[in-house]
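As structure tokens, the structure follows; a few thoughts come after it.
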Amino acid sequence: SQKIEQNSEALNIQEGKTATLTCNYTNYSPAYLQWYRQDPGRGPVFLLLIRENEKEKRKERLKVTFDTTLKQSLFHITASQPADSATYLCALVSRPGDKIIFGKGTRLHILP
Amino acid sequence: DAGVIQSPRHEVTEMGQEVTLRCKPISGHNSLFWYRQTMMRGLELLIYFNNNVPIDDSGMPEDRFSAKMPNASFSTLKIQPSEPRDSAVYFCASSLVQGTNYGYTFGSGTRLTVV
């Protein structure tokens, strides 16, 4: 069955360092991979999308890589700040308008 | 734009009662999704619509759950009768079918507690 794995343990990173989160998937061939941020009591907020034919995408302090051979995406936050503390969700989409399948997310704590 | 609007924000009901959750998607979006989130299972897709038509309801737990989208600006998720195991946060999300560059926009969710 389709499976998306994110590190279930919380990640603690010192302020100013780069935080790297991992998303692995099996039995899936997504056309798109998305990353979302979720704060307590709120809905997920879309951050970045990367297509299967793209290796890397950047947005301000965020960088996402997508390796379809390894079936893995890495999500980086550079120069991390305490305000970056949240749960980050990886999501896969087969084609435009299709349902998206979410990982369970990784909780990130940026320590001042 | 006010974003995706869900109501109510919180709902506490007794087992056996009917519960109706409401969602107003972003104007112009033509896909609508209902998700349920729990600590154990994460975000699970229940059902989604394209152009008001249900496309995939394979995630609906059982016949107690039903969803409708009578028009492009409104959808409901109904649970009848409700059970304690239905307690979760229910999210509605909307998107443009061809708007994959923009991701999916989620509402703030409805926290349902069935006692």
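Throughout, protein chains are lettered first and strands after them, A, B, ... in sequence-line order, and every chain is numbered starting at 1.
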Is atom [atom1] of [X] surrounded by more than 12 heavy atoms (other residues, nucleotides or ligands) closer than 6.0 Å?
X       : atom1 : result
N27(A)  : CG    : yes
E62(B)  : CD    : yes
R61(A)  : CZ    : yes
Q14(A)  : CD    : yes
R107(A) : CZ    : no

Could you look at R111(B) and say if it's the side chain, the backbone, both or neither that has a heavy atom under 4.5 Å from chain A?
->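 Neither part.
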With a 4.5 angstrom heavy-atom cut-off, could you sort out which part of T110(B) is near chain A: side chain, backbone, both or neither?
->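 For T110(B), neither part sits under 4.5 Å from chain A.
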Measure the CZ-OH distance between F102(A) and Y35(B) for me, rounded to the nearest 0.5 Å.
-> 5.0 Å
Toward chain A: residues of residues 77-85 of chain B with heavy atoms under 4.5 Å |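 Not one residue of residues 77-85 of chain B has a heavy atom under 4.5 Å from chain A.
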Does Q37(B) have any side chain to side chain donor-acceptor pair (under 3.5 Å) partners at least two apart in sequence or in another chain, and if so, which?
-> Q38(A)
How would you list, by chain and number, every residue that makes a salt bridge (charged side-chain N to carboxylate O under 4.0 Å, His left out) with K17(A), sequence neighbours excluded?
-> none
Is it true that a side-chain atom of Y104(B) and a backbone atom of P44(A) form a donor plus acceptor pair closer than 3.5 Å?
-> no
Do any pairs count as a ring-ring contact (aromatic ring centres under 6.0 Å, His included) and have a residue in residues 49-85 of chain B, sequence neighbours left out, and if so which ones?
->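 For residues 49-85 of chain B, and leaving out neighbouring residues, there are no ring-ring contact (aromatic ring centres under 6.0 Å, His included) pairs at all.
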L89(A) versus L43(B): any side-chain heavy-atom pair under 4.5 Å?
->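 Side chain of L89(A) against side chain of L43(B), heavy atoms only: contact under 4.5 Å found.
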